Amino acid sequence: MRSLFLILLVSLALPAQADWGDYDYEEVRELALDAGGLESLRIDAGAGSLTIRGVEGSDQVEVMATVLVSGAEGDKARDFIEKHMVLSLDRSGNKAELVADFKGGMGFGNDRGAIALDVRMPKGVDVDIDDGSGSIEVHGTGSALLINDGSGSITVSDVTDVVVDDGSGSIDLRDISGDVQVEDGSGSIKVSRVAGSIVIDDGSGSIDVADVRGSFKVVDAGSGSVNYRDVAGDVSIPDD
């Protein structure tokens, strides 16, 4: 395993605001590694938003991490980060792993932390995400995508096969060149422009599917409406 470099860009002892919380301290860090020959990237993230974009012709994985702390400022916040944050980007062979979390969870006492991640990576590298909470956006990777998410909205476009296991939060999947599989606890599900087939197992929330070249199957619709249109293959919905 090797960690190539970690650069502290900015450290601001100012109130930080995000759509998932208000924080008293913010600092920005950057990580990067050589992506030559890379086949897959695994991301293990705790609390905080996650955005991933595929970049044509890129030869690096680049990460901008905004670290946020509530309940502490200045040296106290920096000490909290030093003691409890795990932030690393490492590679072993053709696989890489990004870890961004606070040990033991979001907080200790009145202090709590979150990490917002902005990832730029080469197209064609498969992505495996294990996320605690916060929104997830993945666009233009042109690769297979696996998401295991606790809570928070999920938005995906321009990837190949997609597998999502989600606790709660809305899901919006578009322009998928392979198959889609979703297991969801609660929240609306929208899937459109899919070249393959779709399988959905849903607890609650509406399901809206459109423009599918393959089949569409709902294993369990739970509570919520199911709407579909322009499905070329077979359609299977309980009690339909």
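Keep in mind it's a predicted model, so treat the numbers as computed, not measured.
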Validation: residues 193-217 side-chain donor-acceptor distances under 3.5 Å, sequence neighbours left out:
{"residue": "Arg193", "atom": "NE", "partner": "Asp175", "partner atom": "OD1", "Å": "2.5"}
{"residue": "Arg193", "atom": "NH2", "partner": "Asp175", "partner atom": "OD2", "Å": "3.2"}
{"residue": "Ser197", "atom": "OG", "partner": "Ser215", "partner atom": "N", "Å": "3.0"}
{"residue": "Ser197", "atom": "OG", "partner": "Ser215", "partner atom": "OG", "Å": "3.2"}
{"residue": "Asp208", "atom": "OD1", "partner": "Arg229", "partner atom": "NH1", "Å": "3.0"}

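No donor-acceptor pair closer than 3.5 Å links the side chain of Asp101 to the backbone N or O of Lys103. Remark: the backbone N or O of Asp179 is paired with a side-chain donor or acceptor of Asp161 at under 3.5 angstrom. At distances below 3.5 Å, at least one donor-acceptor pair connects side-chain atoms of Thr160 with backbone N or O atoms of Ala144. Between the side chain of Arg29 and the backbone N or O of Met64 there is no donor-acceptor pair closer than 3.5 Å.
Atom NZ of Lys95 has 12 or fewer neighbouring heavy atoms from other residues, nucleotides or ligands inside a 6.0 Å radius. More than 12 heavy atoms of other shown residues, nucleotides or ligands fall within 6.0 angstrom of atom CG in Asn227.
Considering every non-hydrogen atom in both Ile115 and Ala65, the closest pair reads CG2-CB, 3.9 Å. When every heavy atom of Ala32 is checked against every heavy atom of Gln60, the shortest pair comes out as CB-OE1, 4.4 Å. The two atoms that bring Val235 and Tyr228 nearest to each other are CG1-CZ, 3.7 Å, heavy atoms only. Contact detail for Leu38 and Val125: the closest heavy-atom pair is O-CG2, 3.6 Å. Smallest separation of non-hydrogen atoms from Val61 and Pro122: CG2-CD, 4.2 Å. What you find for Ser143 and Gly124 is that their closest heavy atoms are CB-C, 3.7 Å.
Ring to ring, Phe80 and Tyr25 are not that close: their centroids are 6.0 angstrom or more apart.
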Worksheet item: Yes or no on side chain to side chain contact (heavy atoms under 4.5 Å, CB included) for Glu27 and Val67, after CA distance, side-chain angles and deciding distance?
Response: CA-CA 5 Å; Glu27 67 178 47; Val67 184; 3.9 Å; yes
Item to complete: Run the numbers on Ile52 and Leu145 for side chain to side chain contact (heavy atoms under 4.5 Å, CB included), then give the verdict.
Response: CA-CA 11 Å; Ile52 302 172; Leu145 175 63; 5.8 Å; no
Discussion item. Val119 vs Thr51, test: side chain to side chain contact (heavy atoms under 4.5 Å, CB included). Steps then yes/no.
Written reply: CA-CA 6 Å; Val119 181; Thr51 300; over 6 Å; no
Discussion item. Quick one, Arg78 with Asp75, criterion salt bridge (Lys or Arg N to Asp or Glu O under 4.0 Å). Give me CA distance, side-chain angles, the key distance, then yes/no.
Written reply: CA-CA 5 Å; Arg78 286 186 284 272; Asp75 289 342; 2.7 Å; yes
Item to complete: Before giving the answer on side chain to side chain contact (heavy atoms under 4.5 Å, CB included), spell out for Val182 and Ile171 the whole-Å C-alpha distance, their side-chain angles and the decisive distance to 0.1 Å.
Response: CA-CA 9 Å; Val182 176; Ile171 298 173; 3.9 Å; yes
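For the pair Thr155 and His139, the minimum side-chain heavy-atom distance is below 4.5 Å. A 4.5 Å side-chain heavy-atom check between Leu98 and Ser88 finds every atom pair outside the cut-off.
Distance check, rounded to the nearest 0.5 Å: CG of Leu117 to OG1 of Thr66 gives 8.5 Å. The CG atom of Asp149 lies 5.0 Å from the CG atom of Asp131; values are rounded to the nearest 0.5 Å. Here the CG atom belonging to Leu50 is positioned 5.5 Å from the CD1 atom belonging to Ile136, to the nearest 0.5 angstrom. A distance of 8.0 Å separates CG in Leu173 from CD1 in Ile154, rounded to the nearest 0.5 Å. Taking CZ of Arg91 as the reference point, atom CG of Leu33 lies at 7.0 Å (rounded to 0.5 Å). For the atom pair Lys123 NZ and Thr141 OG1, the distance stands at 7.5 Å (nearest 0.5 Å).
Residue pairs meeting the salt bridge (Lys or Arg N to Asp or Glu O under 4.0 Å) criterion with at least one member in residues 53-63, sequence neighbours excluded, do not occur.
In the hydrophobic cluster analysis, where Ile, Leu, Val, Met, Phe, Trp and Tyr join through side-chain heavy atoms closer than 4.5 angstrom, Leu87 is grouped together with Phe102. Hydrophobic clustering, with ILVMFWY side chains joined whenever heavy atoms are under 4.5 angstrom apart, keeps Val99 apart from Ile147. A continuous path of ILVMFWY side-chain contacts below 4.5 Å connects Val231 to Ile176, so both sit in one hydrophobic cluster. The hydrophobic cluster containing Val180 also contains Ile237, counting ILVMFWY residues as joined when their side-chain heavy atoms lie under 4.5 angstrom apart, directly or transitively.
The hydrophobic cluster containing Leu146 also includes Val163, under a criterion of side-chain heavy atoms closer than 4.5 Å among ILVMFWY residues, counted directly or through chains of members.
Using a 4.0 Å cut-off between charged nitrogen and carboxylate oxygen, Asp158 and Arg174 do not count as a salt-bridge pair.
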